[in-house]
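Working notes, structure below.
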Amino acid sequence: MAKGGSHIEFSKEEIADKKKAIFESMGKRAQDRVLKKGYDVWDPFEEPKDPIDIRTDVSERTSQQLIREFLQGLSHEDYSTSFASGAWDLCIGIVNKNEKFLGMYEFAVWYNNLLIREGLKDKNKG
């Protein structure tokens, strides 16, 4: 644990004691979830995951920034609520590196390139 620039080391026994104390202070349902996962693999000290609103992609943009830039580049007449919702779902999936959405993205890029190569890009709209 790092605090105020100092680094505090705990012995294995101290960590085990703290883990046991945390477990024993939990409610029955929470204890059951831990036991189902496995007490030995449970780590009550792991860092929490980043909230979705501060996760960024490789361009260092949040999902909110990405979708705003994307939609601002379109005319309101060019998209519906459903269109924007689909774009948002894909944006979140990509930022979170979700395999399903990464597959959708890769297919869309491939399909776009196929249409360009075959001179069909503008015929696919509408």
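Predicted model, so just to flag it, every value in this text is computed and none were measured.
Applying the salt bridge (charged side-chain N to carboxylate O under 4.0 Å, His left out) test to residues at least two apart or on different chains, none of the pairs has a partner in residues 96-116.
Annotation: the span from L120 atom CG to Y111 atom OH amounts to 8.0 Å, rounded to 0.5 Å. Summarising the geometry, atom CD1 belonging to I67 is positioned 10.5 Å from atom CD belonging to E69; distances are rounded to the nearest 0.5 Å. The OH atom of Y39 lies 9.5 Å from the CD atom of Q31; values are rounded to the nearest 0.5 Å. From L102, atom CG reaches atom CG of L90 across 8.5 Å, with rounding to the nearest 0.5 Å. Here CZ of F83 is found 11.5 Å from OG of S85. Values are rounded to the nearest 0.5 Å.
Shown here are the side chain to side chain contact (heavy atoms under 4.5 Å, CB included) partners of S59, two or more places apart in sequence or in another chain: D57, R61, L66. Partners of E77 under the side-chain hydrogen bond (donor to acceptor under 3.5 Å, both in side chains) rule, at least two apart in sequence or in another chain, are S75. For Y105, there are no ring pair (Phe, Tyr, Trp, His ring centres under 6.0 Å) partners two or more places apart in sequence or in a different chain. In this view, R68 satisfies the salt bridge (Lys or Arg N to Asp or Glu O under 4.0 Å) rule with no residue, not counting sequence neighbours. Here D40 pairs with nothing under the side chain to side chain contact (heavy atoms under 4.5 Å, CB included) rule; sequence neighbours left out. In this structure K28 satisfies the salt bridge (Lys or Arg N to Asp or Glu O under 4.0 Å) test together with D32, sequence neighbours excluded. Here N112 pairs with K121 under the side-chain hydrogen bond (donor to acceptor under 3.5 Å, both in side chains) rule; sequence neighbours left out. When the side chain to side chain contact (heavy atoms under 4.5 Å, CB included) test is applied to R117, the partners found at least two apart in sequence or on another chain are N113, L114. By the side-chain hydrogen bond (donor to acceptor under 3.5 Å, both in side chains) test, E60 is found to be paired with no residue, residues two or more places apart in sequence or in another chain being considered. Among residues two or more places apart in sequence or in another chain, the side chain to side chain contact (heavy atoms under 4.5 Å, CB included) test is passed with A84 by L71, Y79.
The nearest pair of heavy atoms linking S63 to C91 is O-SG, 3.5 Å.
Side-chain contact between F101 and N96: absent, with no pair of heavy atoms (C-beta onward) separated by less than 4.5 Å.
Placement of F70 and I92 within a single hydrophobic cluster is found when ILVMFWY residues are connected by side-chain heavy-atom separations under 4.5 Å, directly or transitively. Both L115 and F107 are assigned to one and the same hydrophobic cluster, defined by single-linkage of ILVMFWY side chains at heavy-atom distances under 4.5 Å.
Between the side chain of K19 and the main chain of W42, a donor-acceptor pair closer than 3.5 Å is present.
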